[in-house]
Amino acid sequence: MDANNGSDTKPGSLTRQNDHLLHRLYDLQQQFHHIPQQSITNLATELKLPISQIEGVVDFYSFFHRSPRGRYDILFSNCTSCGDLAMMQQLCEKLNVSLGNTRADGSVSIDATSCIGMCDQGPALLVNGRTITQLSAQRLEMIASHVEAATPLDQWPSEWFRVQDNVRKNGLLLGTAFDTGSALSAAINMGPEALLAEITKSGLRGRGGAGFGTGMKWKFCREAKGDAHYVICNADEGEPGTFKDRILLTSHAHAVFEGMTLCGYVIGAQKGYLYLRAEYRYLLPELYAVLSRRQQAGLLGAGILGQTGFDFDIDIIVGAGAYICGEESSLIESMEQKRGIPRVRPPFPVTSGFLGQPTVVNNVETLAAAAQIATHGSEWFNTQGSDKSDGTKILSISGDCTTPGIYEYPFGVSIQKILDDCGAENVQAIQIGGPSGTLIGPDEFERKLGFEDLATGGSFMIFGAERDLLAVISNFAHFFAHESCGFCTPCRVGTSLLKSGLDKIVSGHGTRYDMDEMYRMATLVKRRSHCGLGQTAANPVLDALQRFPKLFEERLLHSEYAPHFDLDASLEEARRITHRDDAEAHLS
């Protein structure tokens with residue numbers, strides 16, 4: 001596949017992925033360091049889209065800006081695993097730039113961003129979208145020097161941009177060699193019906209967290225009526241602490257793409273899309289190279305492996321910084337060049353997805369597993385797992401342990417076994433499944449990993465006894481408030497109120513009333529939010545209140561009620577402007 005010339009002429013589809021709105025806006029952002037209004041007007045005419053739609057997209061995604069950013073646009077991760085906000089402040093001081101702003105000479109801007117998927121090798125940052133890992137005081141000094149000297153990024157030390165896989169424990173998927181094309185050959189020998197039966201028999205469930213049966217999803221889509229069918233690989237892992245898809249796309253891309261092609265074979269799709277999170281844009285050259293090699297080998301395109309009528313191709317769409325687009329209907333909205341607002345369901349994507357057509361959306365790990373199952377069979381896959389959870393799970397382990405990285409375990413493994421393997425001692429708590437998952441303490445470390453006990457999309461964040469766990473919970477609350485798409489009131493307002501409530505308690509100004517109010521608000525957000533983000537955004541607060549109540553109680557004031565802000569302190573700026581500091585300028 002030509003990375004600059006991917007086209008799609010199937011019914012109702014977009015004409016060229018190079019002309020996708022997100023890609024065009026990215027190019028403008030790179031050229032002008034922001035999105036000028038005139039460019040929006042020109043783009044609307046060229047792409048035949050309403051100006052309001054393009055403006056809405058620009059304002060929705062975190063990596064697009066209306067006002068100029070620096071020629072070096074630096075974003076520090078604020079994740080508890082790959083972030084270091086003290087380092088961010090240090091670099092601000094070294095470069096004499098205020099946080100969130102662009103320096104007067106236009107050379108540099110510095111800000112924080114959500115987790116960038118480098119939790120096993122942080123602290124980390126993005127500079128003009130490129131990842132720098134393993135930050136240190138010395139590296140910060142050198143970064144500042146290169147910025148001041150206006151050294152082009154491609155002349156910065158190459159080792160700074162090196163991202164390691166850090167695979168610590170192989171299992172059924174990571175440890176089994178995959179021969180390119182083997183799954184497709186097996187599928188053609190079986191036929192689509194038998195392949196679907198084999199995937200269903202394996203018990204493979206979605207590895208993104210929800211755990212819906214893969215075979216059932218493919219079956220529903222296969223049976224749905226439509227002018228075209230589509231396959232989408234969801235590679236928008238934005239949950240803090242999750243980075244397993246990064247490794248799969250780096251070292252197992254053939255299996256992922258082959259899994260997509262298998263799905264296309266079963267459901268009758270001729271087109272597939274990989275939706276890649278913006279933070280992994282650096283993977284694009286190699287991903288396109290893999291697609292090109294697959295096409296040259298007859299594993300993509302028309303007449304795959306000489307089979308007349310088996311036509312399937314893959315394009316890549318890159319996001320622009322929106323965690324909500326990991327939700328499948330939001331992802332589809334984004335692919336359709338709109339804001340990533342979750343859809344009302346039903347209908348579900350399997351009957352009405354991309355461009356209103358039947359669509360399968362599967363996680364990266366799910367598709368890689370499907371390729372291995374097609375090659376080795378369902379019985380091979382069923383040799384590992386628990387009663388209700390077949391196969392293995394790939395975990396992204398980060399936080400307070402000696403060897404963070406990627407671990408693969410059979411379902412049914414105990415949490416304590418995982419902690420022992422990664423060198424975690426004196427553990428206070430673990431966040432399983434990312435902030436939207438489950439927070440547990442030491443009395444639950446004998447619980448098992450699996451859909452019948454502790455389900456997870458793959459994030460496993462460890463917090464030692466020295467951590468301020470309440471500050472961690474507050475960090476999660478800030479993440480959800482920032483990433484809410486704003487569509488529904490319970491999530492838009494509720495996540496903000498939870499963030500403010502936690503800030504109040506963390507700062508030592510909270511009361512028992514605030515704890516009770518947070519519980520009520522968290523329950524409302526969980527029950528009434530429109531999509532999965534809101535429905536799970538309150539989980540860390542609810543889990544902490546239930547399992548770690550002393551964290552809150554130790555910070556409370558003894559009074560019944562305290563205001564959320566100091567009104568007299570808020571008048572300080574007015575006193576400064578008016579040069580007054582007498583008694584009447586203060587609230588008694």
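Residue indices begin at 1 and follow the sequence shown. Source: prediction; values computed, not measured.
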ring-ring contact (aromatic ring centres under 6.0 Å, His included) partners of [X], counting only residues at least two apart:
| X | value |
| --- | --- |
| Y265 | F310 |
| H254 | none |
| Y72 | W156 |
| F64 | none |

Given the ring of [Y], does [X] sit roughly above its face, with NZ or CZ under 6.0 Å from the centre of the six-membered ring and within 45° of the axis?
| X | Y | value |
| --- | --- | --- |
| R205 | F451 | yes |
| R339 | F60 | no |
| R345 | F348 | no |

Report yes or no: do [X] and [Y] form a side-chain donor-acceptor pair below 3.5 Å?
| X | Y | answer |
| --- | --- | --- |
| S109 | D73 | yes |
| E327 | S329 | yes |
| S334 | Y275 | yes |
| E452 | S389 | yes |

In terms of the angle between their ring planes, are H23 and H20 parallel, tilted or perpendicular, with boundaries placed at 30° and 60°?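 Ring orientation, 0 to 90° scale: tilted.
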Which of parallel (below 30°), tilted (30 to 60°) and perpendicular (above 60°) describes Y273 and F354?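 Plane angle over 60°, so perpendicular.
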After noting the C-alpha distance and the side-chain angles of Q357 and T351, does the key distance pass the side-chain contact (heavy atoms from CB on, under 4.5 Å) rule? CA-CA 7 Å; Q357 302 301 318; T351 57; over 6 Å; no
List for me each residue that meets side-chain hydrogen bond (donor to acceptor under 3.5 Å, both in side chains) alongside [X], sequence neighbours excluded, and say none if there are none.
| X | value |
| --- | --- |
| K499 | none |
| S484 | none |
| D453 | R447 |
| S474 | D503 |

If the condition is side-chain contact (heavy atoms from CB on, under 4.5 Å), which residues does L524 pass it with, not counting sequence neighbours?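 So L524 forms a side-chain contact (heavy atoms from CB on, under 4.5 Å) with P490, R528.
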Pairwise ring pair (Phe, Tyr, Trp, His ring centres under 6.0 Å) hits with a residue in residues 471-492, at least two apart: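 Pairs touching residues 471-492 that pass the test: Y323-F479, F487-H530.
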Sequence-distant partners of E237, salt bridge (Lys or Arg N to Asp or Glu O under 4.0 Å), two or more places apart: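 So E237 forms no salt bridge (Lys or Arg N to Asp or Glu O under 4.0 Å) with any residue.
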Could you give the distance from [atom1] ([X]) to [atom2] ([Y]), rounded to the nearest 0.5 Å?
| X | Y | atom1 | atom2 | result |
| --- | --- | --- | --- | --- |
| M260 | C263 | CE | SG | 8.5 Å |
| C491 | L533 | SG | CG | 5.0 Å |
| L126 | E279 | CG | CD | 6.5 Å |

Residue K338 excluded, over 12 heavy atoms near NZ under 6.0 Å: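 Count over threshold, so yes.
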Counting only heavy atoms not in Y519 (residues, nucleotides, ligands), do more than 12 fall under 6.0 Å from its OH?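 It does not: Y519 OH has 12 such atoms or fewer within range.
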What pairs of residues pass the salt bridge (Lys or Arg N to Asp or Glu O under 4.0 Å) test when at least one of them lies in residues 23-39, not counting sequence neighbours? D19-R24, R24-E46
E239: which of S436, S459, S396 passes side chain to side chain donor-acceptor pair (under 3.5 Å): S436
Please name the residue in the list D313, D315, D311 that meets the side chain to side chain donor-acceptor pair (under 3.5 Å) test with K271. D315
Passing option when T261 is tested against I314, V231, L367, V256 for side-chain contact (heavy atoms from CB on, under 4.5 Å):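 Checked I314, V231, L367, V256 against T261; only one passes side-chain contact (heavy atoms from CB on, under 4.5 Å): I314.
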